[in-house]
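Read the numbers this way: they start at 1 and go in the same order the structure lists the ligands and their atoms. Keep in mind the model is a prediction, meaning the values are calculated, not measured.
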Amino acid sequence: MDHFLYRDGALHAEDVPVADIAAAVGTPVYIYSTATLERHYRVFDEALAGTEHFIAYAVKANGNLAVLKTLADMGAGMDVVSEGEFRRALAAGVPGNRVVFSGVGKTADELRFALSQNVRQLNVESAEELETLSGVAASMGVTAPIALRVNPDVDAKTHAKIATGKSENKFGIPISRAREVYARAAALPGIEVVGLDVHIGSQLTDLAPFEAAFSKVAELTETLRADGHAIRRLDLGGGLGIPYQHSNEAPPLPFDYGAVIKRTVGHLGCEIEIEPGRLIAGNAGILVTRVIYRKQGEGRVFLVVDAAMNDLIRPAMYEAWHDIAPVIEPAPGAEKAEVDVVGPICETGDTFARGRALPPVGPGELVAFRSAGAYGASMSSEYNGRPLIPEVLVRGDQFAVVRARPSYEEMLARDTIPDWNG
Ligand SMILES: *Cc1c(COP(=O)(O)O)cnc(C)c1O
């Protein structure tokens, strides 16, 4: 459920007409709903009630400081994958001891930064990273709290580009090598084992792969404890999917996901950490765009809009579906026609939808791509010389621009031309 609904024939973000925001800020624009963010955080919190838990929101889904602050105020910790994201968490008021640092290629400088901020936990993804971390921590005279990310070799049954838990993927330590690497961790200076970590992929629409992975985690935890390691936290990653096609998708509910967690690892007495990103931010955001042309092609109609793949890359990158809603509510029974919804970029991949049945929308009218709050703005670029688009956060009947659209001058001012030729 989200808070983007039609009211009096017009799409609203909570209590604000979407058209008002478009008029004030221009298009394209991302609009986020505070109430939806809060609701999704709460749903996870309730799903794990009765179990000691820590929810580390995955910053990469949507790292806008206003989004992070909203979640931090609810009690969220943060899961980050770079020093830049770590600094975002800090800037939103989340202290280092509430930040989990994940990622397959953390540099020595990033590890040093994390330790200087008293990081809650480093999820180490290789024996090689462990050696580097030990060296960095020892040189600083501190101890690094770590979990090893194991790769459980489980098929997440999601899009290949976001499946991370198969042995052929670059992530984590093969589960067959876990005991050996934990033994090494215990022997190294500057390392304190605090837990075990797993993350098998994103946009999972079935609980079975989670169940399989968490069961392996439970078994490994018992083995590691028998080996003498103090496994007191289990980080189970993120990955719970959301409905992108609202009419015919019903991914598992956080409550049922929580039940799987309790059933598979609940008996171990560990603090449970989860790292949801998409489920918290995805349906809390829409991308609003204006139709530039309704172009008649050979046997096809193209709706050319002012948003493009640089603003929202998911359709081009993952063949992702986004529901498309006209901002003015179509009349009941309005006739639909199939159109291709495309952006202005010089790539055929700049296509948001092919053959989509939409009620009549013409030049100058606004449409919204739903479920665009996660992996939308955070994956955007300035390709084709298009400045990053603004982000707006709504709260009740108020809205605020939480990232302004840069001017063309600002965009150009980042480049410099060397004066080689005098
Ligand atoms: C991307 C990622 C997440 C978040 O995944 P969602 O599908 O957005 O919930 C969590 N943990 C790690 C390590 C990740 O890489």
Min N/O separation [X] to ligand 1 under 3.5 Å:
X    : value
Y375 : yes
G277 : yes
G239 : yes
E275 : yes

Inset, instruction - Flag the pair M78 / F86 as yes when at least one side-chain heavy-atom distance between them is below 4.5 Å, and no otherwise. - result: no
Legend entry - Aromatic plane relationship, Y318 with H159 - under 30° parallel, 30 to 60° tilted, over 60° perpendicular: perpendicular
Inset, instruction - May I ask you to decide if the ring planes of Y257 and F44 are parallel, tilted or perpendicular, using 30° and 60° as cut-offs? - result: perpendicular
Does either side chain, that of [X] or that of [Y], offer a donor lying less than 3.5 Å from an acceptor on the other one?
X    : Y    : result
H40  : D2   : no
E125 : N123 : no
H322 : R314 : yes

Inset, instruction - Answer side chain, backbone, both or neither: which part of P276 comes under 4.0 Å from ligand 1, heavy atoms only. - result: backbone
Inset, instruction - Kindly say whether E219 contributes a backbone atom to a donor-acceptor pair with the side chain of T223 at under 3.5 angstrom? - result: yes
Inset, instruction - Can you figure out which of K60, H199, R149 has its heavy atom closest to atom 1 (C) of ligand 1? - result: K60
Inset, instruction - Below 4.0 angstrom from a heavy atom of R278, which ligand 1 atoms are there? Numbered from 1 as shown, please. - result: 6 (P), 8 (O), 9 (O)
Inset, instruction - Using non-hydrogen atoms of the residue, decide whether D79 is closer than 4.0 angstrom to ligand 1. - result: yes
Inset, instruction - Give the residue, atom name and distance (to 0.1 Å) of the protein heavy atom nearest atom 7 (O) of ligand 1. - result: S202 OG, 2.3 Å
